[in-house]
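Computed over heavy atoms, backbone and side chain alike; hydrogens, waters and symmetry mates excluded.
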Amino acid sequence: MEIAQVLDNALRKAAAVWVRPDGHAPRLVWALWRDGAVLVAVGGAEQTVPGLADGVACAVTVRSPSTRSHLVEVAATARLVVPDDDTAAALRAARLNARPAWAAVYRLELA
């Protein structure tokens, strides 16, 4: 099985990933895998990710869905997006333990 398929399978099951913007420490964040990218909602009442900004290179670390151990780290580029209605609904649905209230959404496009 090639790495792209392994990554896709793991991200479909992941509720959280580690994100490390260049020059910053890694941060565990809740995230949503959608349309081939990791979506991260930040600001407002949501999580903070120091250094995450439009165009910033970052590393995304994914755990194995079965063993919870480190599976893979991939390079990504953060892109500030305005989520469409379907994506916003998916982000709200993925946020099971709190009322969603984000200031920005970043699409982490994997290299």
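If you chain together hydrophobic residues whose side chains sit under 4.5 Å apart, V72 and V60 fall into the same group. The same ILVMFWY cluster, assembled from side-chain heavy atoms under 4.5 Å apart, contains both V81 and W30.
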Set out, in order, the CA-CA distance, both residues' side-chain angles and the distance that settles side chain to side chain contact (heavy atoms under 4.5 Å, CB included) for V29 and V49, then state yes or no. CA-CA 8 Å; V29 297; V49 182; 3.5 Å; yes
Under the side chain to side chain contact (heavy atoms under 4.5 Å, CB included) criterion, do T61 and R20 qualify, and how do the steps go? CA-CA 8 Å; T61 302; R20 182 178 47 80; over 6 Å; no
Could you give me the CA-CA distance, side-chain angles and deciding distance for V42 and T48, then say whether side chain to side chain contact (heavy atoms under 4.5 Å, CB included) is met? CA-CA 5 Å; V42 298; T48 60; over 6 Å; no
Apply side chain to side chain contact (heavy atoms under 4.5 Å, CB included) to the pair L39 and L91, showing each step before the final yes or no. CA-CA 8 Å; L39 296 174; L91 284 165; 4.2 Å; yes
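Here the closest non-hydrogen pair linking G44 and A103 is N-CB, 3.6 Å. When all heavy atoms of L110 and W33 are compared, the pair lying nearest together is CD1-CZ3, 3.7 Å. Between P83 and A88, the shortest heavy-atom contact is CB-N, 4.0 Å. Taking all atoms of both residues into account, the shortest heavy-atom contact from L80 to D54 is N-OD1, 2.8 Å. A pairwise comparison of heavy atoms in C58 and P21 identifies CB-CA, 3.5 Å as the closest pair. Of all heavy-atom pairs spanning G36 and R107, the tightest one is C-NH2, 4.5 Å.
Looking only at side-chain heavy atoms (C-beta outward), D86 and R34 come within less than 4.5 Å of each other. Between E73 and W18 there is no side-chain heavy-atom pair separated by less than 4.5 Å.
Rounding to the nearest 0.5 angstrom, the gap separating the OH atom in Y106 from the CG atom in L52 is 5.5 Å. Between the CG atom in L32 and the OG1 atom in T87 there is a gap of 8.0 Å [rounded to 0.5 Å].
Side-chain atoms of E46 do not come within 3.5 Å of backbone N or O of A41 as any donor-acceptor pair.
No side-chain N or O of E109 forms a donor-acceptor pair with one of T77 less than 3.5 Å apart. Side-chain contact, Q47 with W102: no donor N or O sits under 3.5 Å from an acceptor N or O.
Sparse packing is recorded around CG of D85, with 12 or fewer heavy atoms of other residues, nucleotides or ligands lying under 6.0 Å away.
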